[in-house]
Every structure is written in structure tokens, then in C-alpha cells.
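First comes the structure, then the notes that go with it.
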There are 2 protein chains.
Amino acid sequence: MRASDMAYGSLRADILEWRLPPGTLLAEVEQARRLGISRTPLREALSRLVAEGLAAAHSGRGVVVTAVSLAGIADLFEVRLPLECAAARLAAARRDPAAFDALADRFEAAGALISSGGTDQHAYYGLVAELDAAIDEAAANPYLVQAQRQLRTHLVRARRLARDNPDRLLASAGEHRQIAQAVARGNAELAAAAVTIHLSNSLHHLQASVPGPLDA
Amino acid sequence: MRASDMAYGSLRADILEWRLPPGTLLAEVEQARRLGISRTPLREALSRLVAEGLAAAHSGRGVVVTAVSLAGIADLFEVRLPLECAAARLAAARRDPAAFDALADRFEAAGALISSGGTDQHAYYGLVAELDAAIDEAAANPYLVQAQRQLRTHLVRARRLARDNPDRLLASAGEHRQIAQAVARGNAELAAAAVTIHLSNSLHHLQASVPGPLDA
DNA sequence: TCGGGCTTCTCTGTATACAGGAGTCTGCTT
DNA sequence: AAGCAGACTCCTGTATACAGAGAAGCCCGA
């Protein structure tokens, strides 16, 4: 493992999990010392974060962790909607039915688990990530995967703006189950519709649960 | 201007204009000497190219300019279609009518110029880039702009696979005029339809004019 | 003659040293 | 007291030196 890859992964995780909140100044010498590496690989990691949009080069003063705002989330979903729909359509056309049937079953089980109160949020988001990965794999389009990766990165950070309650998690599980089922059946339009519903509900929940625009 | 920015721009232009054809090995010391800079800023430029998908890190042997294939172009357009449609819809909703009316007029003039034989391909592609930029600006969505920038980068390279003939250029000018007009009128669905037609024709032309899959 | 292993060489990955510039603080002037 | 100018300081941007890893070539053995 290269030191720059390690630094990139570490910083990226720290930003995504809000250990490095928006507005944090990432000084080169400080971060290099913190991670136990030299400035050279750290600079490469920082440039990758900047390219990804997780940090911005604050001219002359180093790079700063970018802000997350309500307006930004709306923009994010404006792009996610057509892209996720396209991915779902392609996946429906090229999928392996068994894989998505299995995912649909697991979302049904997750829904039952949530209703019974045994909510494991971390595990649930892992399952969502599995569905995303399965759709990406079925869509088999590297350009699509790259674009999705960028957007999902920002989504992970935006999630922390909202308090996830069991009701929303239960509804989300049902929506994801619908998506997986539609893809499993090879019904592209149904899959796109299910994605549209899910993203619409997801955005609405996010906007409703954030008190005001949070800049930092 | 930073040396790394200069190197990035120079290498990017060289790759896009096929002065560095697919498969070219970009050795650090060689390129650094060619550009008259040190390895440090050159490495930053290379990492940006890799992140952009224009080059790939060939483990242990440096980075190599990525290939352009027919299958890759089909993938590219699979993503471009929903994204350009979304951009056109947003632009139609938020546009400044005068700007797009002016662009429509310029495409009409460009069409007349092409029919009369005075084709200036370079200037025409510049006009297309202006329309793209105007749509981006009107859509006012940074995530969309970033995704589009990535895709259009690869498109520029793919264009060189096809021989542009005056007939196709004339048709393209008409299609772009339709897009600009639809956006100017604020008709989102019409704009999306015009984009769909243009991309479909564009892809068909590309696929028809390439003899076989070109890997390198 | 062909294949495998070893050696060597080159190239990447990393660390560090140096220079230029931007920001800030302080002191002076009005 | 407030504003401006100058200098200082820290931080980024760049160059270079060094080490380790991978690849290629060569030699030896079968």
C-alpha cells in the first residue's frame, strides 16, 4: 500500500464521517505529521480530495474541507435522479436475476428487522451499498460508475445532516426492495419509477429534517 | 501560473489532440524534461490525468494514455444521454432567453457557412463548446457541470475517430440550433427531445464512420 | 535450444531542503 | 483612534537526493 493511498483513504474517511467537519483547514505539515508521512504523498492525497470536491484549494492558505448545504443537496439530487434512473434501466436490461432477487429478499428481511426495533443502521447502509454496487456491476458502464461514485461520495456526507428515524429507514427498505425486484424482473421502466420514488422520498426526508441551511 | 497546472494543461491538450496517442507511456523523467519542470509538479499533473480517466497507472511501469474504443463510445453516450437531457431541462427552466436566441442564430449562420463550403471545423466546435457552456451556466448545478466536464473530455478524443464530413456538420448545426431554440423558449421537454435526437445522430455517425474497434 | 533463476538496471515512491509569496501583526502617521 | 505601510513569519510550490520494487536481460542448466 502506498503512503499516498493510505493518506487519501484516511482523510476521505475522516471527512465523510465528519471527524474533519466542513471548514477544517488541512495544513500540509500538520496533516503529514498526524499521518506519519512526508508532505509529498500527502499533497497527492489532498489533490485527489480537491478533484473529488471534498476539499477546495483556498488560495495561499491551503485546502479546506468543503461545506455541505441544503442547496447543494438539492443540486446533488437533480443529477442523481437521471443518473440513477439510467443505471437502473441498464441494470434491468443486463442483470443476473438471481442476484437481485436475493437482494430484494434481504431488504425485506431488513425491513422486518427495523420494524421489530433491532435497527442496525450501519449494517443497513452496508446493504444499500451492496445494491448500488450490484446495479453498477449489472449496468457495466465505467463512465456511469465513475459519475455515480462522485455523487455518492457527497451523499454520504449529506446523510449526516439528517437524523435517520426508524420510520424513514423502514420506508427506505421497502423502496429499495421495489428497486431490486424491478431490476430482477428486467423491467427497466418499473425500475426507473422505483428509483424516482425512492430519491424523491429520500430528498424530501433530508430537506424536512434539516433545520436550516448549514454552511461552515 | 503553477508549473503543475501548466504541465496538466499541456499534457491534457496533447492527449486530447492525439499528439500523445492511446498507449503512449508517460515516463516521469522523460515528460518532466520535455516540459522543463521537475518530477514533483509533473506527478501531480499525471495523477490528475489518471483521476480524469485520460491515463491509467500501469502498475510499476508508469502511466499510459488510455485507449479509445467503439464500445467505450457507446458507454459514453449511454451516460451522456440522460445527463445532457437533464442539463437541457434545467437550462430551459432557468435560462436567459436572449442568450440562447443569439446562439440559435449563430448556429443558423454556421449552417449557411457550411453549406456554402466555407467550413471552419475548429470554429464550429468552438461554437458547440459555447452552447455547452451556456447550458451549464443556465443549469447552475456544480455537480452536473463536473460530471459533464468528465464526459465531454472523453468525447473530444472520440471525435478524432470519425472523419467529419460537411453533411454531418450541417446536420449537427441544425440539431444544435433546435436545442438552443428549445432552451430559449423554455420548453424543457422539447429541449430534451432535441438533445436526444442530436446524441442519437451523433453516436450513429461516429459508429458508422469508424471501421473497426480501435484499441491501442 | 529452451526454460528458469539470478542479477542488474531503471523507474517509481518518498523524504527533505530551499525559495517565493501571501497573510498577518505591529508601528507610525494623520 | 483609525488607517496604511512595511516587515516578518509561516506555508505552499518546486527541486533534488535516496531507497525500494519491478522488469528486462543474461547466463546456466537440462
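Each chain gets a letter, A, B and so on, in the order its sequence line appears, and its residues count up from 1.
Remark: B:Asp5 engages B:Arg2, B:Arg48 in a salt bridge (charged side-chain N to carboxylate O under 4.0 Å, His left out) (not counting sequence neighbours). A search for ring-ring contact (aromatic ring centres under 6.0 Å, His included) contacts involving B:His198 returns B:His176, not counting sequence neighbours. Qualifying side-chain contact (heavy atoms from CB on, under 4.5 Å) partners for B:Asp136, counting only residues two or more places apart in sequence or in other chains: B:Val145, B:Gln148, B:Arg152. Taking A:Ala86 as the reference, B:Pro82 meet the side-chain contact (heavy atoms from CB on, under 4.5 Å) condition, with sequence neighbours excluded. Legend: residues meeting side chain to side chain donor-acceptor pair (under 3.5 Å) with A:Arg177, ordered by chain and number and at least two apart, are absent.
DNA chain D lies under 4.0 Å from no heavy atom of any residue of residues 48-57 of chain B. Shown for residues 25-44 of chain B: residues whose heavy atoms fall under 4.0 angstrom of DNA chain D, namely B:Ile37, B:Ser38, B:Arg39, B:Thr40, B:Pro41.
Rounding to the nearest 0.5 Å places CZ of B:Phe107 at 8.5 Å from CD of B:Glu130. Considering OG of B:Ser209 and CZ of B:Arg159, their distance stands at 12.5 Å, rounded to 0.5 Å.
First and last contacts of DNA chain D with chain A, using any nucleotide atom under 4.0 Å from a protein heavy atom and ordered 5' to 3', fall at D:dT12 to D:dT14.
Screening residues 55-77 of chain B for salt bridge (Lys or Arg N to Asp or Glu O under 4.0 Å), with sequence neighbours left out, gives no hits. Sequence neighbours left out, the pairs with a member in residues 94-103 of chain B that pass salt bridge (Lys or Arg N to Asp or Glu O under 4.0 Å) are A:Glu78-B:Arg94. Residue pairs meeting the salt bridge (Lys or Arg N to Asp or Glu O under 4.0 Å) criterion with at least one member in residues 6-16 of chain A, sequence neighbours excluded: A:Arg12-A:Glu52, A:Asp14-A:Arg19, A:Asp14-A:Arg34.
B:Thr24 contributes no side-chain N or O that, together with a main-chain N or O of B:Val65, makes up a donor-acceptor pair within less than 3.5 Å. At distances below 3.5 Å, not a single donor-acceptor pair connects side-chain atoms of A:Ser172 with backbone N or O atoms of A:Arg168. Within the 3.5 Å criterion, the main-chain N or O of A:Thr196 finds no donor-acceptor partner in the side chain of A:Ser200.
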Table of protein N/O atoms under 3.5 Å from nucleotides 6-10 of chain C N/O atoms:
none

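In this entry the distance linking CZ of B:Arg2 with C1' of C:dG21 reads 13 Å, nearest Å. Note: CG (B:Leu46) to P (C:dT12) measures 9 Å, nearest angstrom.
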